[in-house]
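As a basis for the values below, the full set of heavy atoms in this structure was taken, side chains included, without hydrogen atoms, waters or symmetry mates. Quick note: residue numbers are just sequence positions, from 1.
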Amino acid sequence: MILTIDRLNKTFIANGGRVAALADVSLRVGRGEVVAINGRSGCGKTTLLLTAGGLLPPDTGTASLDGSDLYALSHDERAVERARNIGFVFQQFHLLPYLNVLENVLVPTIAGSAGGRDERADTRQRALALLRRFDLLERVGHRPAQLSTGEKQRVALVRALINRPKFLFADEPTGNLDDDNAAEVMHYITDFAAGGGGVLLVSHDRRTAMHADQSYQMEQGRLLE
């Protein structure tokens, strides 16, 4: 298994009370697998994604990527692990409005930019090759405001893949898309998994389940088969 989640629990304090966002959640994702978590807004899907991806420490439980317990690492070590091995696709894309498409894609490579000119040139060529594959090559000089919603989502996917991650986490990857664009994005996600990666995506869009190897429903912080 590339991702192993064991008995994750996460509670938030809201309006003077305690809300169980995750309640004893366990999950396995193997290499080459796409796992979809469906559920209504507020059921804990995004909390699960952030916790499993090393961005939000759980109250109890473990999240391990390729045998490495993410929360046994220091804060800095966990950041390095995310940069090297994890790609995130966020619901709101989080593209930087003052950068063009190519510059947005290259943002995750900055942490590893100590290499020489040849390495930086190779990274740029990899970015251009991915943009060509995602039918975005003609958009490299455009800023996010000049892109359609589907194009923004594809740019976010390219950015998530630029560092050759082992695992991809996707938050509502099709929620803002029409049927054609949703199918295209899911094609790219399943193609990544077919190359040996693992994918965990969360969504209220049941179309994602059609492309998943495993699909679960989430209700009130609990994962249901």
Side-chain angles (χ1 to χ4, degrees), residues 1-13 18-37 43-96 104-115 119-120 123 126-127 156-173 189 192-193 195-202 213-214 216 218 221-223:
M1 292 295 159
I2 189 170
L3 178 71
T4 302
I5 300 169
D6 278 318
R7 306 192 71 175
L8 287 181
N9 289 275
K10 183 69 177 179
T11 300
F12 296 106
I13 304 299
R18 298 173 66 85
V19 177
L22 298 178
D24 211 29
V25 175
S26 296
L27 183 67
R28 307 286 187 271
V29 184
R31 296 183 190 278
E33 284 191 329
V34 176
V35 174
I37 310 294
C43 71
K45 302 187 308 295
T46 297
T47 300
L48 173 60
L49 202 73
L50 296 177
T51 304
L55 286 171
L56 181 66
D59 297 333
T60 59
T62 61
S64 299
L65 184 69
D66 211 13
S68 175
D69 182 350
L70 295 175
Y71 295 104
L73 303 175
S74 70
H75 180 275
D76 290 344
E77 290 171 336
R78 193 159 59 249
V80 170
E81 179 73 5
R82 287 197 305 266
R84 288 178 176 172
N85 296 317
I86 294 174
F88 281 95
V89 181
F90 297 101
Q91 182 178 6
Q92 301 301 326
F93 315 131
H94 294 319
L95 301 178
L96 298 176
N104 265 286
V105 167
L106 291 173
V107 165
T109 71
I110 293 173
S113 62
E119 183 176 339
R120 290 194 296 273
T123 301
R126 170 168 166 74
L157 264 171
V158 173
R159 183 184 58 188
L161 297 175
I162 188 63
N163 281 337
R164 298 184 176 92
K166 295 178 180 178
F167 204 92
L168 186 65
F169 292 92
D171 189 1
E172 301 284 1
I189 288 175
F192 168 77
V199 179
L200 178 64
L201 63 88
V202 301
D213 298 290
Q214 299 180 63
Y216 297 87
M218 198 162 196
R222 295 188 178 277
L223 207 56

Please report the closest heavy-atom contact between [X] and [Y], naming both atoms and the distance.
{"X": "G54", "Y": "Y71", "result": "CA-OH, 3.2 Å"}
{"X": "A52", "Y": "L200", "result": "CB-CD2, 4.3 Å"}
{"X": "A127", "Y": "L106", "result": "CB-CD2, 3.8 Å"}
{"X": "I86", "Y": "F169", "result": "CG2-CD1, 3.5 Å"}

message: Would E172 and K45 count as a side-chain contact (heavy atoms from CB on, under 4.5 Å) here? Give the steps.
response: CA-CA 10 Å; E172 301 284 1; K45 302 187 308 295; 3.8 Å; yes
field: Stepwise salt bridge (charged side-chain N to carboxylate O under 4.0 Å, His left out) test for D6 and R28
entry: CA-CA 9 Å; D6 278 318; R28 307 286 187 271; 2.8 Å; yes
From [X] atom [atom1] to [Y] atom [atom2], the distance as rounded to the nearest 0.5 Å:
{"X": "T109", "Y": "R126", "atom1": "OG1", "atom2": "CZ", "answer": "11.0 Å"}
{"X": "R18", "Y": "F12", "atom1": "CZ", "atom2": "CZ", "answer": "11.5 Å"}
{"X": "F88", "Y": "L157", "atom1": "CZ", "atom2": "CG", "answer": "14.0 Å"}
{"X": "L49", "Y": "F90", "atom1": "CG", "atom2": "CZ", "answer": "8.0 Å"}

message: Quick one, Y216 with L27, criterion side-chain contact (heavy atoms from CB on, under 4.5 Å). Give me CA distance, side-chain angles, the key distance, then yes/no.
response: CA-CA 10 Å; Y216 297 87; L27 183 67; 3.4 Å; yes
Sub-4.5 Å side-chain heavy-atom contact between [X] and [Y]:
{"X": "V199", "Y": "V29", "answer": "no"}
{"X": "L70", "Y": "R82", "answer": "no"}
{"X": "L65", "Y": "I2", "answer": "yes"}
{"X": "T51", "Y": "P57", "answer": "no"}
{"X": "L201", "Y": "V35", "answer": "no"}
{"X": "V19", "Y": "T11", "answer": "no"}
{"X": "V25", "Y": "R222", "answer": "no"}
{"X": "N104", "Y": "F93", "answer": "no"}

task: Dump the intermediate steps for side-chain contact (heavy atoms from CB on, under 4.5 Å) on M218 and L48, then the final yes or no.
output: CA-CA 10 Å; M218 198 162 196; L48 173 60; 4.3 Å; yes
Compile the donor-acceptor pairs under 3.5 Å between side chains in residues 160-168 and protein atoms, sequence neighbours left out, one pair per line.
residue: N163; atom: ND2; partner: A83; partner atom: O; Å: 3.4
residue: N163; atom: ND2; partner: P108; partner atom: O; Å: 3.1
residue: K166; atom: NZ; partner: D66; partner atom: OD2; Å: 2.8

- prompt: Does the side-chain contact (heavy atoms from CB on, under 4.5 Å) test come out yes or no for D24 and N9, once each step is laid out?
  reply: CA-CA 5 Å; D24 211 29; N9 289 275; 3.9 Å; yes
task: State whether the side chain of D171 and the backbone N or O of T46 hold a donor-acceptor pair below 3.5 Å, judged by distance alone.
output: no
query: Under 3.5 Å, is there a donor-acceptor pair between the side chain of R78 and the main chain of L55?
result: no
message: Can a side-chain donor-acceptor contact be found between S64 and D69 if the only test is distance below 3.5 angstrom?
response: no
query: Hey, which of T60, L22, L50 is the one that makes side chain to side chain contact (heavy atoms under 4.5 Å, CB included) with K10?
result: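 Going through T60, L22, L50 one by one, the side chain to side chain contact (heavy atoms under 4.5 Å, CB included) with K10 is satisfied by L22 alone.
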